[in-house]
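These notes are about the structure you will find just below.
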Amino acid sequence: ETGVTQTPRHLVMGMTNKKSLKCEQHLGHNAMYWYKQSAKKPLELMFVYSLEERVENNSVPSRFSPECPNSSHLFLHLHTLQPEDSALYLCASSQGHPPGAQYFGPGTRLTVT
Amino acid sequence: AQSVTQLGSHVSVSEGALVLLRCNYSSSVPPYLFWYVQYPNQGLQLLLKYTTGATLVKGINGFEAEFKKSETSFHLTKPSAHMSDAAEYFCAVSDQENYGQNFVFGPGTRLSVLP
């Protein structure tokens, strides 16, 4: 595998379910990011991890819970989501300092029913 | 705080015509600038980036962009559009000091290429 991979690519979940999104980067980067992309809205930065420590949390509701066990893996744990959380969730990685280009995974298309 | 504006949420060009997608930024410190392309149901792919040095930057697929500090612009161009260029294009700015926290994307421009 090369680049940034995300699983699953598509996810349908009910509002009472608990699920997790997974991201893995094979680029040797030391920073990872979660973005939310909704129709007709700009990319929203959700979380930033640098050297496995969370350095930014952009007022994201607590029903989204990130986890970064090591520099290559990033998870987004989901629980009791709302229909407005339906979106494309993108993971990215970069070499952190100075901040280089971010490299994106293909995304997970999440639908909350 | 940094910001990015992209003039025109939708641009249409004929196949073979010049592509010009506009990007203006604001940054209180020297910026890093990026252009990304997104095809339907895919992630963002880096087209090109400016960090330091030459202000005319060449990227993949025949695209290039020029950093103009006096105009705070980083417009994306391609001399001849191809049908496969139809996609969404995002300009982004990051500053040279903060650890990825000030990586800001513009709202995107959807490019349509007409036969």
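Reckoned from all heavy atoms, side chains included, excluding hydrogens, waters and symmetry mates. All values derive from a computational prediction rather than experimental measurement.
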- Message: Quick check on the 6.0 Å ring-centre criterion: do F67(B) and Y50(B) meet it?
- Response: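 Yes, ring centres under 6.0 Å apart.
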- Which class fits the ring pair H77(A) and F75(A): parallel under 30°, tilted 30 to 60°, perpendicular over 60°?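 If you compare the ring of H77(A) with that of F75(A), the planes turn out parallel.
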- Query: Using 30° and 60° as the class limits, which term best fits the ring planes of F90(B) and F105(B): parallel, tilted or perpendicular?
  - Reply: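 The rings of F90(B) and F105(B) stand perpendicular, inter-plane angle above 60°.
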- Using distance alone, with no hydrogens and no angle criterion, decide if Q37(A) and Q38(B) have a side-chain donor and acceptor under 3.5 Å apart. yes
- Measuring heavy-atom distances to chain A, does L44(B) have an atom under 4.5 Å in its side chain, in its backbone, in both, or in neither? both
- For residues 103-113 of chain A against chain B, heavy atoms under 4.5 Å, the residues are Y103(A), F104(A), G105(A), P106(A), R109(A)
- Query: Would Y89(B) and F63(B) count as a ring pair (Phe, Tyr, Trp, His ring centres under 6.0 Å) if you check the C-alpha gap in whole Å, the side-chain angles of each, and the deciding distance to 0.1 Å?
  - Reply: CA-CA 12 Å; Y89(B) 290 80; F63(B) 284 93; 5.5 Å; yes
- Message: Give me the atom names and distance for the closest heavy-atom approach of Y35(A) to Q102(A).
- Response: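 Heavy atoms only, the tightest pair is OH-OE1, 2.8 Å.
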